[in-house]
Amino acid sequence: LYSLFWRYSPTLVKVLLISIKRSEFPDFQNIPWLYGPVVSEATEAVYALEHLCQLMDHRDRVLAAARCKDIDVYNQKHPAKPMPRLLAVFDELADCMCVLPAKVSKEESELPTSKRLETAMVRIAQKARSTGIHLIVATQRPEASVLTPLIRSNLPGRIALRTKTDADSRMIFGNDNGSAVNLLGKGDCFLATTEAERLQALHVNQTLIDRFSDKYVDSVEPTRPWGLAAVHQKGASEKADDPLSTIVNYLAGQGGQATQRELQRNALAQRFNAEEVGELVQQLENQGKVELSKEGKSTLISLSNPDNDN
């Protein structure tokens, strides 16, 4: 990712980051290369990838109308307004597959499932390359239930760091050649496209990460191209929390006060960007549940009646 950011401007490359663990991309929240906010909910990941499928179909129509076979030809013809490449990075597929149900009842047919996630990933892998949309999927559990036959057959490029067992290596590469269990660790890896090649991945230390992210700490977070409604959908195993109630309950637990940034990071677990959190806080203020005040450069949100958070 850092090499992409170093080589290409935000007008040429956009990235969609999906991390259900919420801990892998904290330094990328505000960077201008983001296509949308970092996705941290399994259900929203399905909507985000399905949105990429819709974008892929739209770009196909644009390329066909311009008589261009792929994005490279299109950008050569339109240098003043190029079509940016879009990279979707799925940090931990296993976590998402575990959370999403395999099937739902007819009454809940609109809910995201692991099958819908798999279908979206396969469609992107099959057709999206010519439109400039690419997909990277990572997992620490290369099992058949996670890397299904459809996913493996449509994502031919493989990178493996050191694995725990030969079975994990075979699941990644499909053969016994160059077992990844014998790698040395610390970035030692195999890259397999047509033939396996041994590489050394680079290490980016925390100092460089902080230096990069500090440049964009005050940047405006992007909106969700797939729509805010996706965040409010009922989850696969439980109903999603009402964000307004979540804010009120968090304030009550913090002595009745918190900054807007604290609400975004802690109470809402980065599910909403700054603008959307501001809209939620405004709704609570209109309902008379909170009061707003300035504390330096920050906005302080206080419960109107700390003794009664209902």
What residues, two or more places apart in sequence or in another chain, satisfy salt bridge (charged side-chain N to carboxylate O under 4.0 Å, His left out) together with [X]?
X    : result
R158 : none
D70  : none
R123 : D57

Q: Decide whether L55 and M83 are clustered together by the hydrophobic rule: side chain heavy atoms of Ile, Leu, Val, Met, Phe, Trp, Tyr closer than 4.5 Å, transitively.
A: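 Different clusters.
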Q) Honestly curious: do L52 and V122 fall in one hydrophobic cluster under the side-chain, below-4.5 Å linking rule? A) no
Main chain of [Y], side chain of [X]: is a donor-acceptor contact present, judged purely on distance under 3.5 Å?
X    : Y    : answer
T139 : P142 : no
S304 : V290 : yes
E50  : A120 : no

Q.
Please enumerate all residues that pass ring pair (Phe, Tyr, Trp, His ring centres under 6.0 Å) together with Y8, with sequence neighbours excluded.
A.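 Ring pair (Phe, Tyr, Trp, His ring centres under 6.0 Å) check on Y8 returns nothing, list empty.
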Q: Please identify each residue that fulfils ring pair (Phe, Tyr, Trp, His ring centres under 6.0 Å) with H134, with sequence neighbours left out.
A: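 Applying ring pair (Phe, Tyr, Trp, His ring centres under 6.0 Å) to H134 gives none.
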(Q) Any carboxylate oxygen within less than 4.0 angstrom of a Lys/Arg side-chain nitrogen, looking at R162 and D188? (A) no
Q) Do the charged groups of K215 and D210 touch, with an N to O distance under 4.0 Å? A) no
Q: Indicate the ring-plane relationship of H78 and Y74, choosing parallel, tilted or perpendicular according to the 30° and 60° boundaries.
A: parallel
Q) Should the pair F212 and Y216 be assigned to parallel (<30°), tilted (30 to 60°) or perpendicular (>60°) ring geometry? A)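 Rings of F212 and Y216: perpendicular, over 60°.
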Q: Enumerate the residue pairs fulfilling side-chain hydrogen bond (donor to acceptor under 3.5 Å, both in side chains) with a member in residues 142-157, sequence neighbours excluded, ordered by first and then second residue.
A: E118-T148, Q126-N154, R141-E143
Q. Counting only heavy atoms not in Q287, do more than 12 fall under 6.0 Å of its CD?
A. yes
Q: Count the heavy atoms of every other residue, nucleotide or ligand shown that sit under 6.0 Å from CZ of R198, and state whether that count exceeds 12.
A: yes
Q.
Let me confirm one number: the CD1-CG distance from I31 to L17, rounded to the nearest 0.5 Å.
A. 6.5 Å
(Q) Under a 3.5 Å threshold, yes or no: a donor from one side chain and an acceptor from the other, between Q282 and E279? (A) no
